[in-house]
Chemist: 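Below: one structure in structure tokens.
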Amino acid sequence: HNDFEEVVFSEYPVIGEIKKEFMKCGAVFAQMSGSGSSVYGFFTSQDAAQHACNIYHGQYRTFLTPPHFQPE
């Protein structure tokens, strides 16, 4: 849980929309980091993660990183 999300989303609704879009794209979890420098999501599918990344490519700095662990 990030306590800053409510405050930041009310002032900058686009950040909340990015989080919602990640969830629509299939993220099993999405959250704003810290005080809002980024939004990240965890995906179980490479295709879903790539799709979410592609939506914002060119509009924001986007990064797709490989998993560093395998969920059980």
Side-chain angles (χ1 to χ4, degrees):
H1 178 77
N2 184 334
D3 290 332
F4 286 122
E5 282 189 352
E6 186 177 335
V7 174
V8 172
F9 292 175
S10 67
E11 188 69 27
Y12 303 96
V14 68
I15 298 172
E17 291 301 317
I18 293 169
K19 179 180 175 178
K20 287 179 190 174
E21 190 64 37
F22 279 10
M23 296 304 290
K24 282 191 221 174
C25 288
V28 294
F29 180 81
Q31 188 169 330
M32 181 183 82
S33 70
S35 59
S37 61
S38 64
V39 177
Y40 63 93
F42 296 123
F43 296 82
T44 58
S45 158
Q46 174 83 21
D47 290 338
Q50 186 65 60
H51 176 70
C53 193
N54 290 344
I55 289 172
Y56 295 105
H57 184 73
Q59 187 176 5
Y60 301 105
R61 292 179 66 190
T62 59
F63 302 93
L64 182 61
T65 61
H68 297 283
F69 63 93
Q70 290 294 322
E72 294 182 27

Chemist: Taking CD in Glu6 as the centre, count heavy atoms belonging to other residues, nucleotides or ligands within less than 6.0 Å. Is the count above 12?
Modeler: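 Check fails, neighbour count at 12 or below.
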Chemist: Indicate every side-chain donor-acceptor pair of residues 46-56 with a distance under 3.5 Å to a residue at least two apart or in another chain.
Modeler:
from	atom 1	to	atom 2	distance (Å)
Gln50	NE2	Asn54	OD1	2.8
Asn54	ND2	Gln50	O	3.3

Chemist: Name each donor-acceptor pair under 3.5 Å that joins a side chain in residues 26-33 to protein atoms two or more places apart or in another chain, with its distance.
Modeler:
from	atom 1	to	atom 2	distance (Å)
Ser33	OG	Ser37	OG	3.4
Ser33	OG	Ser38	N	3.3
Ser33	OG	Ser38	O	3.3
Ser33	OG	Ser38	OG	2.7

Chemist: Who clusters with Met23? Use side-chain heavy atoms, under 4.5 angstrom, across I, L, V, M, F, W and Y, and order the result by chain and number.
Modeler: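 Members alongside Met23: none; it stands by itself.
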Chemist: How long is the gap from OG1 on Thr65 to OH on Tyr40, to the nearest 0.5 Å?
Modeler: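 Reported to 0.5 Å precision, the distance equals 12.0 Å.
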Chemist: Decide whether Phe42 and Val39 are clustered together by the hydrophobic rule: side chain heavy atoms of Ile, Leu, Val, Met, Phe, Trp, Tyr closer than 4.5 Å, transitively.
Modeler: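 Different hydrophobic clusters.
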Chemist: Return all side-chain donor-acceptor pairs below 3.5 angstrom for residues 11-22, not counting sequence neighbours, or 'none' if the list is empty.
Modeler:
from	atom 1	to	atom 2	distance (Å)
Lys19	NZ	Glu5	OE1	2.8
Lys19	NZ	Glu5	OE2	3.4

